[in-house]
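Below is one structure, written out as structure tokens; the observations come after it.
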Amino acid sequence: MTDRPYLEFERPIIELEKKISDMRDFSAGESIELSGEITSLEKKLNKLRQEIYSNLTRWQRVQLSRHPKRPYTLDYIRMMTTDFIEIHGDRYFADDKAMVGGFATLEGRPIMVVGQQKGRDTKQKVIRNFGMAHPEGYRKALRLFRLAEKFELPIVVLIDTPGAFPGIGAEERGQAEAIARNIRDMFRLKVPIVVVIIGEGASGGALGIGIGDVVMMLEYSWYSVISPEGCAAILWRDAAKAPEAAEALKPTSDDLMKLGIIDSIIPEPDSGAHSNPEEAARLVKNAILEALSDLQKLSIDELLERRLKKYRKIGEYNE
Amino acid sequence: MAWFRKSKQGLPTHEKRNIPEGLWTKCESCGEIVYGKKMEDLLWVCPTCNFHFRIPSQKYINLLLDDGYLEEYDTNLTSADPLKFKDSKKYPDRIKAAQQKTGKPEGVTAGMARINGIEVSFAIMNFQFIGGSMGSVVGEKIARAIERAIECEVPLIIVSCSGGARMQEGILSLMQMAKTSALLAILHEKRIPYISILTNPTTAGVMASYASLGDIIMAEPKALLGFAGPRVIQQTIGQDLPEGFQSSEFFLEKGFLDMIVDRKELRKTVTKLLKYMWRR
């Protein structure tokens with residue numbers, strides 16, 4: 001078996017991929033003609049992949065959003081932009097490494113890009129605090145948003161967080177205040193904001209940088225009021241009921257599209273963004289460019305009015 | 001051989017003696033037993049330890065507003081079930097149970113009122129209604145209360161009491177944080193005062209949106225305040241939390257609260273503040 005980390009439902013695909021690649025190696029080494037077999041196996045692989053990916057449960061999709069190989073914010077920035085120059089610190093307390101951002105160039109267009117950053121290996125995970133920002137992270141983000149406004153740069157937000165960090169320091173330094181202020185102030189930023197949920201969009205931790213003129217989700221990302229585990233722990237009193245909670249919360253990109261919360265879904269390549277990160281980045285980049293060019297046709301007043309109305313109408317009730 | 005053997009019958013238990021409802025009240029904090037009628041006069045504040053009991057929203061209406069009168073708006077708004085949410089109970093059944101328990105259609109009561117003659121847009125959350133949780137109706141009623149403050153050009157007063165966003169409405173609940181905060185941005189630009197009054201408890205989605213966005217934020221003593229609940233924090237960091245962590249006193253000390261106000265002083269304090277902030 002390959003040593004690449006995989007999810008349980010990916011196993012048949014990985015196994016078949018391995019078989020095909022073995023066959024290729026073998027046919028190259030022995031100069032035996034196996035191309036017929038390889039082609040038929042590849043067909044089988046495509047069919048299998050389609051079968052598995054079109055029938056994913058909500059919980060499986062949540063797992064895909066957390067795939068250990070999934071591209072993170074800095075990966076997308078590296079693959080999509082040039083001349084990225086990272087900016088650090090909130091100028092009050094510290095530099096939160098779970099929140100990254102800076103100037104970047106997207107197809108010749110200068111932007112400000114901000115997002116949560118997860119770590120790949122154990123050491124990085126700890127440094128990045130698993131993508132869970134403290135108040136200083138949210139304040140850093142707002143500082144960068146203000147910079148963007150000052151220099152008239154559109155803002156691109158990439159969301160990938162299991163939540164804002166619930167800890168002693170976070171409470172002491174006003175996690176709730178930092179998030180509330182960001183949400184309010186993002187509504188009045190006089191530059192276009194494009195938000196993409198690239199992985200996990202958990203609750204206030206996501207929304208704290210998540211107000212946008214256009215909000216998009218990658219196909220296998222999720223966005224909800226609470227994580228399935230958190231919801232299960234509260235309502236079922238058992239975090240192991242997360243799969244049930246995921247079904248109930250309806251947090252997938254398809255769900256949010258149906259609920260009218262997001263503007264579009266960015267499709268992912270093959271078996272998810274991790275199977276072809278470059279292609280995923282290309283798709284995200286194109287979606288952002290398209291959104292930005294639409295938004296730049298609007299005057300600032302129109303933009304802000306539209307942003308307010310977009311969120312003002314959200315909610316379902318009987319009257 | 002065991003020295004002791006468990007007795008088969010076990011120790012005899014007596015039925016817990018019930019104190020007749022409303023006659024005597026035991027303080028949750030210090031255990032002091034107070035005569036019920038006296039508690040009413042004390043506004044449900046323990047005379048021994050100043051613990052503020054959680055009281056229904058109607059009692060705040062009585063003690064804060066002129067003649068205890070609120071011209072209520074949007075009473076016809078009730079929750080839908082957009083996600084068809086079901087855990088151990090169906091969401092509509094939870095709503096029904098909460099309506100029966102509280103006699104209210106939803107978790108917030110809002111309208112127009114006067115405080116010492118000053119006209120205000122007023123909203124108050126009711127913890128008895130699914131933990132004061134914020135779903136689409138709560139968000140909408142708060143949003144409309146903010147809009148009334150903007151349209152009528154009157155100060156906004158919100159009394160919060162909530163465990164956070166309502167899980168049963170998923171992403172729609174989360175977005176109520178955005179909706180309410182968006183309108184507060186407009187209120188802010190119009191320079192209309194907003195006083196946020198926090199009562200026990202105010203946490204999570206409500207604390208991370210409108211409750212934290214007041215020009216003045218005040219809390220009753222010893223209220224539980226914060227972003228994350230204490231249990232979640234304890235589980236995350238794997239250690240006990242310091243004494244008094246996430247109390248009103250803690251937040252005042254850390255600089256996130258303007259003042260702690262005893263219940264009996266709330267009306268006076270709000271009036272005093274409005275005299276400085278509102279002269280139109």
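Per chain, numbering begins at 1; letters A, B, ... match sequence-line order. Worth knowing before you read on, the calculation uses all heavy atoms, side chains too, and leaves out hydrogens, waters and symmetry mates.
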Nearest atoms (heavy-atom pairs only) where [X] meets [Y]:
X        : Y        : answer
A/Glu171 : B/Phe251 : OE1-CZ, 3.7 Å
A/Ser224 : B/Leu174 : O-CD2, 3.8 Å
A/Val225 : B/Ser173 : CG2-CB, 4.2 Å

Proximity of [range] to chain A, residues having a non-hydrogen atom under 4.5 angstrom:
range                       : answer
residues 179-189 of chain B : B/Lys179, B/Ser181, B/Ala182, B/Leu183, B/Leu184, B/Ala185, B/Ile186, B/His188, B/Glu189
residues 85-93 of chain B   : B/Phe85, B/Lys86, B/Asp87
residues 156-172 of chain B : B/Ala165, B/Met167, B/Gln168, B/Glu169, B/Gly170, B/Ile171, B/Leu172

Approximate separation, where rounding is to 0.5 Å, of A/Glu172 CD and B/Phe256 CZ: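 A/Glu172 CD to B/Phe256 CZ: 10.0 Å, rounded to 0.5 Å.
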
Which region of [X], side chain (C-beta onward) or backbone (N, CA, C, O), has a non-hydrogen atom less than 4.5 Å from a non-hydrogen atom of chain B, or is it both or neither?
X        : result
A/Leu235 : both
A/Ile168 : both
A/Leu249 : both

Within-4.5 Å side-chain heavy-atom neighbours: A/Leu259 and B/Leu83: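 Yes, side chains in contact.
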
Beyond-backbone contact of B/Met175 with A/Leu207, side-chain heavy atoms, under 4.5 angstrom: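 Yes. Closest side-chain heavy atoms under 4.5 Å.
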
Contact listing (chain B partner; residues 303-319 of chain A; heavy atom under 4.5 Å):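 Within residues 303-319 of chain A, near chain B: A/Leu308, A/Tyr311, A/Arg312, A/Ile314, A/Gly315, A/Glu316, A/Tyr317, A/Asn318, A/Glu319.
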
Let me know if [X] has heavy atoms under 4.5 Å from chain A in its side chain, its backbone, both or neither.
X        : result
B/Ile237 : side chain
B/Glu147 : side chain
B/Tyr210 : neither
B/Ser79  : backbone

Residue, of A/Gly163, A/Ala176, A/Gly201, that accumulates the most heavy atom pairs under 4.5 Å with chain B: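 Winner by heavy-atom pair count: A/Ala176.
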
Chain B contacts, top residue of A/Ala170, A/Ala164, A/Gly204, A/Ser203 (heavy-atom pairs, under 4.5 Å):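 If we count pairs closer than 4.5 Å to chain B, A/Ser203 comes out on top.
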
Between chain A and each of [options], count heavy-atom pairs under 4.5 Å; write down the option with the most.
options                               : result
B/Asp74, B/Ile217, B/Asn76            : B/Asn76
B/Ala143, B/Ala178, B/Gly139          : B/Ala178
B/Lys254, B/Glu106, B/Glu253, B/Lys84 : B/Lys254
B/Ala211, B/Ala80, B/Ala204           : B/Ala80

When you look at [atom1] of [X], are more than 12 heavy atoms from neighbouring residues, nucleotides or ligands closer to it than 6.0 Å?
X        : atom1 : answer
A/Lys190 : NZ    : no
A/Glu302 : CD    : yes
A/Arg146 : CZ    : yes

